[in-house]
> 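After the structure tokens below, expect a handful of questions from me.
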Amino acid sequence: AGLLDALEAIVAFFNAKTMAVNFQSIESSVQSSVQPSDRSSVQPSGGQQGKTASTGLAERICRMHGWLTERGASLALLSDKLHPATGSGKISYNEKLCCNEVIPATADAIDLIPKDILILDANHGGISEDTASEAYFSGHGFKSVFGKCRGPLKNWEGRISRDSVQGAYVTLEEAGSAALGSGGNMLAAIMRISCLLWWPGYRADHTSLGWLLPLHLEREIAQLYPVDRDWLEGNEYPSAKNPGYNALELREYYNSPLQHSYWRVDDHFMMYLQDAVNLPNTVPFSLFQGVLDFRFENAFVMVGGSWNDGVLGIPVNCRAASLSFLHAYIIGKQQFIAGKGPALLDKAVGRYTIRYADGTSDSAEVVYGRNIDFWKDYHGENHGAYAANPVLTGISEEGLHYAVYAMEWVNSKPEVEIATVDLTTVVGMDGRIALFGITAVKQEVRGDI
């Protein structure tokens with residue numbers, strides 16, 4: 001509760017008092033709001049004569065600072081243009097453009113702008129720990145918030161103790177759910193860094209799968225992730241309207257137990273799924289139908305590789321606004337360690353073919369790293385399966401968090417009855433698709449289904 005209160009306070013503070021400004025996007029708005037007579041009176045605090053890159057930047061900053069101050073808001077600026085390492089005027093090679101470009105020499109603007117501006121200090125490369133950038137800004141009279149740009153926070157214990165440092169911030173380099181998946185979702189980063197800064201005695205577990213928080217916090221993050229993603233992307237799924245559900249019977253198609261160890265690429269051990277806890281991230285599923293002995297009885301549908309090329313004709317026999325598939329990808333431990341998992345990113349590994357009663361069909365592609373992921377992957381930041389929802393969660397006997405994902409396919413013909421569903425895999429893939437459940441989401445309109 002204390003952590004959530006702290007997060008709410010952080011959000012309220014920045015919403016009420018701070019506007020992080022992108023120069024290009026609001027410059028025209030600011031200029032149109034300031035009368036011509038006002039513009040001439042807005043000058044950099046250093047009052048330099050003659051235009052340079054630094055004085056030009058300082059003039060724009062001062063203009064926006066005054067505009068925001070009149071409206072009772074504070075100005076926060078990213079540090080890039082104000083530090084010698086990133087605003088020095090040096091020639092830099094742009095990998096995206098494949099050419100050299102000159103970075104404008106704007107660093108001297110640091111002495112020409114108001115000191116009540118909060119610096120969002122990304123601590124870019126070229127600044128060593130011995131001359132940390134927040135010390136640089138403190139020396140010029142500014143308070144700062146240090147950030148994580150391309151890696152974990154460094155030396156945070158010593159840095160946060162400085163009087164000039166107000167806290168930490170996190171950012172993603174790109175917008176969109178893909179960035180949330182590959183770079184970690186914003187809510188997860190905020191909660192993790194909050195633990196680092198304000199939880200006495202907290203120590204992050206630095207593993208190859210990320211910084212693991214206690215399970216109850218990881219579960220909270222996994223629940224919040226779809227909210228974060230769908231708000232950002234403007235997604236609307238039929239399941240969110242809670243119109244009713246029809247969990248399909250798959251028992252007839254079960255062909256694999258929860259454990260399988262014969263030193264092959266499809267080895268797996270998922271016995272702890274018996275104790276996995278459902279998150280309220282998706283529709284209800286019917287799982288492990290009729291299974292009594294999980295050591296030997298088949299408990300789910302396995303598709304691909306040495307098992308089969310697919311499972312055909314799973315009956316649906318109802319109309320539906322969408323179908324939700326609960327699944328995960330299985331790769332043998334040795335194959336995953338050898339890098340086979342990351343090599344599959346953004347590759348199609350299978351397909352659901354939806355066959356209608358009128359003879360037509362539709363399909364939903366299963367793409368690794370988009371709507372399915374390695375079942376042991378780190379679900380807190382939802383690495384990989386950014387378009388799916390983590391559902392079954394828990395901790396394995398190895399102490400790793402695991403997740404099984406739900407992928408929702410939206411039906412373009414909800415008025416037509418769906419007869420069957422086929423699940424097939426792409427030939428030559430190193431892994432297998434594990435299907436645990438399918439649920440039909442009813443339409444909002446009244447009527448039989």
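Only this structure's heavy atoms are used, side chains among them; waters, hydrogens and symmetry mates stay out.
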> Within this structure, what is the OG1-CG distance for the pair Thr353 and Leu423, rounded to the nearest 0.5 Å?
8.5 Å
> Are any of the side-chain heavy atoms of Met407 and Ile372 separated by less than 4.5 Å?
no
> Please check if atom CD in Glu236 has more than 12 non-hydrogen atoms from other residues, nucleotides or ligands closer than 6.0 Å.
no
> Side-chain contact, heavy-atom cut-off 4.5 Å: Val301 with His327?
no
> Do the side chains of Val404 and Val391 get nearer than 4.5 Å, heavy atoms only?
no
> Is there a side chain to side chain contact (heavy atoms under 4.5 Å, CB included) between Glu408 and Tyr237? Walk through the geometry before answering.
CA-CA 8 Å; Glu408 186 166 351; Tyr237 290 103; 3.5 Å; yes
> Any pair with a residue in residues 286-305 that passes side chain to side chain donor-acceptor pair (under 3.5 Å), sequence neighbours left out, goes on the list, sorted by first then second residue, please.
Ser286-Gln289, Asp293-Arg295
> Is the shortest side-chain N to carboxylate O distance from Arg351 to Glu365 below 4.0 Å?
yes
> One pair to check against side chain to side chain contact (heavy atoms under 4.5 Å, CB included): Arg251 and Val291. What are the steps and the verdict?
CA-CA 9 Å; Arg251 172 65 176 166; Val291 178; 3.6 Å; yes
> With heavy-atom distances below 4.5 Å as the criterion, would you say the side chains of Gln166 and Leu118 are in contact?
yes
> So do the side chains of Val303 and Arg432 get within less than 4.5 Å of each other, counting heavy atoms only?
no
> Using a 4.5 Å cut-off on heavy atoms from C-beta on, say whether the side chain of Val145 contacts that of Ile119.
no
> Tell me yes or no: between the side chains of Asn235 and Asp230, is some donor less than 3.5 Å from an acceptor?
yes
> Can His65 and Asp116 be said to form a side chain to side chain donor-acceptor pair (under 3.5 Å), step by step?
CA-CA 9 Å; His65 176 271; Asp116 61 349; 2.8 Å; yes
> List the residues meeting salt bridge (Lys or Arg N to Asp or Glu O under 4.0 Å) with Asp358, not counting sequence neighbours, and say none if there are none.
Lys413
> I want to check something: taking the side chain as every heavy atom from C-beta on, are Leu435 and Leu326 in contact at a cut-off of under 4.5 Å?
no
> I need the Leu287 CG to Leu273 CG distance, nearest 0.5 Å.
9.0 Å
> Does a side chain donor of either Tyr356 or Asn411 reach within less than 3.5 Å of an acceptor in the other side chain?
yes
> Using the side chain to side chain contact (heavy atoms under 4.5 Å, CB included) rule, take Leu392 and Phe285 through it: C-alpha gap first, then chi angles, then the decisive distance, then the call.
CA-CA 11 Å; Leu392 290 179; Phe285 291 95; over 6 Å; no
> For Phe325 and Tyr405, I'd like to know if the aromatic rings sit close, meaning centre-to-centre distance below 6.0 Å.
no
> Evaluate the criterion side chain to side chain contact (heavy atoms under 4.5 Å, CB included) for residue pair Leu250 and Glu252; output intermediate values, then yes/no.
CA-CA 5 Å; Leu250 300 182; Glu252 177 185 347; over 6 Å; no
> Side chain to side chain contact (heavy atoms under 4.5 Å, CB included) with Ala434: which residues, sequence neighbours excluded?
Phe300, Ile330, Phe436
> Are any of the side-chain heavy atoms of Lys442 and Pro238 separated by less than 4.5 Å?
no
> Looking only at non-hydrogen atoms, find the nearest pair between Val349 and Ile433 and report the distance.
O-CD1, 3.9 Å
> Could you grab the distance from atom OG1 of Thr424 to atom CG of Leu312, nearest 0.5 Å is fine?
7.5 Å
